[in-house]
Number of protein chains: 2
Amino acid sequence: MTSEHSEPPSRAGRRPTMVDVARLAGVSLKTVSRVVNGEPHVQRAMADRVLAAVAELGFQRNHMASALRAGRASATIGLIIEELANPFYSTIAHVTAEMARDRDTLLLSASSEEDPVREEQLLRDLCSRRVDGLLVVPAGCDHSFLNSQVEMGIPVVFLDRPGTNIEADAVLLDNRGGARSGVRRLVADGHRRIGVLLDSVDVHTMRERLAGAQDALADAGIGYDGALVRSGVRDPATAAAAVADMLTQPNPPTAFLALNNRITVGAVQELWRRSSDAALVGFDDFELSHLMPRPLTVIGYDTRELARRAAQLLFARIDGDRSRPRTVVLPTELIERGLTAAAATA
Amino acid sequence: MTSEHSEPPSRAGRRPTMVDVARLAGVSLKTVSRVVNGEPHVQRAMADRVLAAVAELGFQRNHMASALRAGRASATIGLIIEELANPFYSTIAHVTAEMARDRDTLLLSASSEEDPVREEQLLRDLCSRRVDGLLVVPAGCDHSFLNSQVEMGIPVVFLDRPGTNIEADAVLLDNRGGARSGVRRLVADGHRRIGVLLDSVDVHTMRERLAGAQDALADAGIGYDGALVRSGVRDPATAAAAVADMLTQPNPPTAFLALNNRITVGAVQELWRRSSDAALVGFDDFELSHLMPRPLTVIGYDTRELARRAAQLLFARIDGDRSRPRTVVLPTELIERGLTAAAATA
DNA sequence: CTGAAAGCGCTAACAA
DNA sequence: TTGTTAGCGCTTTCAG
């Protein structure tokens with residue numbers, strides 16, 4: 001009754017190989033290879049016998065052996081991102097996986113968790129698996145170890161942040177310009193005390209965005225106030241806490257700039273909870289941003305395009321493009337959804 | 001000046017092999033293998049020479065060749081989901097990738113796009129790459145072709161929906177019970193005309209959820225009205241259109257049940273746009289649901305636990321567990337955030 | 001402790 | 001058109 005005892009007398013776990021198929025079909029190994037790979041110049045009768053044997057044995061070509069012998073790569077590309085569960089990264093993963101599939105290539109993805117050591121381990125692992133190419137949102141501060149890999153045929157394209165100590169393609173966003181236009185908007189609405197919330201200044205995008213914010217403040221002749229900048233904001237909860245804390249200080253900010261989408265979410269929550277009328281501009285748009293309890297002005301960009309361009313560059317390299325590394329910078333856009341103006345009376 | 005001309009006289013693209021390392025270090029191939037694999041019983045002096053040669057050549061073991069010869073699998077697990085960009089699936093991908101990493105295993109993920117043909121292609125591709133195991137959110141209606149793979153050592157665990165024509169582990173949600181409790185709540189609030197929006201009845205989860213909704217209606221003695229059920233709702237835009245359409249019919253629903261998170265988003269948007277006071281219960285919680293313009297009652301569950309349990313089952317199988325296939329059903333929970341009651345005067 | 005030889009499953013040359 | 005042979009890069013005997 002149970003499946004343990006009713007199995008057919010199968011070839012006890014051992015996978016059939018082309019040799020097994022050849023033996024059963026009464027042909028040579030090479031003929032099997034030809035049929036399995038769809039090469040022409042095989043007689044119908046033979047091909048049919050081979051196909052029958054393949055079906056009977058449940059044969060499936062060993063991709064590893066095939067790639068090894070043919071000296072081909074693995075029909076796989078590696079993707080290193082910060083965290084797959086984050087919508088920004090999962091969009092990137094999805095777009096690149098789709099583009100890879102058009103080339104019968106699969107996506108091996110791994111999260112660095114923003115840890116340089118782990119990133120390097122993963123990258124080395126991917127190289128030892130002989131991926132065709134690497135797409136990396138870098139967390140580390142030194143990618144020189146990838147130089148030899150690039151030389152030996154594994155191209156690398158960086159995404160969202162440039163690589164360090166390596167000349168490689170990169171597709172980036174205009175982070176600085178985006179943050180600048182966001183702050184410019186707040187300033188135009190009369191804000192002079194703008195709280196800035198960011199993850200870590202170790203992250204390239206955060207540095208750029210912070211610099212952009214400072215550009216706009218400088219443009220407006222507003223002096224820098226360290227009390228208005230909070231770094232180390234890793235998640236919505238921390239962001240909420242930071243907002244709460246800043247609002248309860250003397251001379252609190254009248255507006256906030258959240259430098260990524262996780263931070264934005266936390267800030268929205270806290271402002272809403274306190275019924276605060278402080279203005280908020282967030283970096284990164286997200287699907288439901290227009291449904292937030294307070295309409296949200298965001299600095300948006302096209303994540304799919306970011307991934308698309310990076311994948312295009314990578315595939316061009318895989319196909320032999322040896323031109324000089326390019327850096328592509330994609331524009332950002334201020335998406336105004338009202339309510340940046342507020343009681344700017346401080 | 002450009003990097004094209006200043007490169008060191010590298011070994012022109014050819015990757016160094018263990019033979020190259022052995023030659024340079026003046027030892028045998030086997031000694032290199034021993035050192036590279038950290039086997040004991042190698043003299044310090046020799047090991048050091050090997051390591052030096054490895055570093056000088058930038059040698060990195062070819063994982064494919066190693067796995068092939070050793071008869072091991074690829075230290076890879078395959079994950080088939082519907083669409084990686086969907087938060088539900090990207091959470092699953094993330095959790096499984098993390099658990100895999102604890103075993104030095106990488107995740108090969110691909111989206112079936114809900115297409116059975118494509119699903120089978122991807123599954124076959126993954127098998128031919130000799131993944132250690134397969135995690136599948138099935139879209140297809142026949143997985144019998146996987147039976148031989150399971151027999152030959154590639155275990156399969158189904159996630160969210162059971163496989164068909166195959167006896168394999170599955171980790172599911174209590175979809176029927178969840179939908180039932182959602183509708184029961186609406187009925188308790190006085191609703192008798194409840195619009196139900198679902199993707200396709202070809203999808204197992206949708207059938208179950210619809211059945212649960214009908215259970216609750218039957219429990220309440222409310223007759224079935226086909227006009228109140230809309231299937232083929234694939235995305236938020238379609239959901240919005242369906243809501244709009246149903247609300248403009250004579251005798252419109254006073255409440256809606258959205259059978260997945262994409263549909264919920266579309267419904268929220270449309271109800272909000274029209275300032276409708278129709279009640280809404282959504283299947284699947286999502287991060288920002290509590291910040292929606294109308295507090296949202298949802299049928300929630302623990303996606304991470306779903307993935308965790310599935311991965312645990314898979315790894316147990318990979319490690320040799322030959323016990324009978326299990327089906328685990330995880331509970332759902334009605335998360336009430338008010339406002340299900342509305343003008344139930346129809 | 002070290003090395004020579006065989007061979008994992010497959011494909012690229014060649015020969016028949 | 002088909003088959004034979006060699007060998008991809010590595011690990012596994014098993015002999016020194």
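Each chain gets a letter, A, B and so on, in the order its sequence line appears, and its residues count up from 1. In this text, all values refer to a predicted model and were calculated from it rather than measured experimentally.
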Asks: How sharply is the helix from dC1(C)-dG16(D) to dA16(C)-dT1(D) bent, taking the axes over five pairs at either end and rounding to 10 degrees?
Replies: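 Comparing the axis at each end, I get an angle of 40°.
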
Asks: Check every strand shown and say whether Arg61(B) touches a base, only sugar-phosphate, or nothing at a heavy-atom separation below 4.0 Å.
Replies: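 Contact class for Arg61(B): sugar-phosphate only.
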
Asks: Whole Å only: how far is the CE atom of Met18(B) from the C1' atom of dG3(C)?
Replies: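 From Met18(B) CE to dG3(C) C1': 15 Å.
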
Asks: Nearest whole angstrom, please: distance from the C1' of dT11(C) to the CG of Leu68(A).
Replies: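 Atom-to-atom, Leu68(A) to dT11(C), this comes out as 10 Å.
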
Asks: Which whole-number value in Å describes the distance from Arg69(B) CZ to dA5(C) C1'?
Replies: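 One finds 11 Å between C1' of dA5(C) and CZ of Arg69(B), rounded.
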
Asks: Should the side chain of Lys30(A) and the base of dA12(C) be counted as holding a donor-acceptor pair, with the cut-off at 3.5 Å?
Replies: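 Answer is yes: a donor-acceptor pair is held.
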
Asks: Can you give me the first and the last nucleotide of DNA chain D (5' to 3') that has an atom within less than 4.0 angstrom of a non-hydrogen atom in chain A?
Replies: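 Terminal contacting nucleotides, 5' to 3': dT1(D) to dG9(D).
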
Asks: Please report the distance, rounded to the nearest Å, between NE2 in His63(A) and C1' in dG9(C).
Replies: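 Nearest whole value for this atom pair: 13 Å.
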
Asks: Going by the ring pair (Phe, Tyr, Trp, His ring centres under 6.0 Å) test, which pairs reach into residues 44-64 of chain B, not counting sequence neighbours?
Replies: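 Qualifying pairs: none.
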
Asks: Between atom CD of Gln149(A) and atom CG of Leu126(A), what is the distance when rounded to the nearest 0.5 Å?
Replies: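 Separation between the atoms: 10.5 Å.
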
Asks: Does Glu98(A) pair with Arg101(A) as a salt bridge, N-O distance under 4.0 Å?
Replies: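 No, Glu98(A) and Arg101(A) are not salt-bridged.
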
Asks: Looking only at side-chain N and O atoms, does Ser33(A) come under 4.0 Å of OP1 or OP2 in dC10(C)?
Replies: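 No, because none of the side-chain N or O atoms of Ser33(A) sits under 4.0 Å from OP1 or OP2 of dC10(C).
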
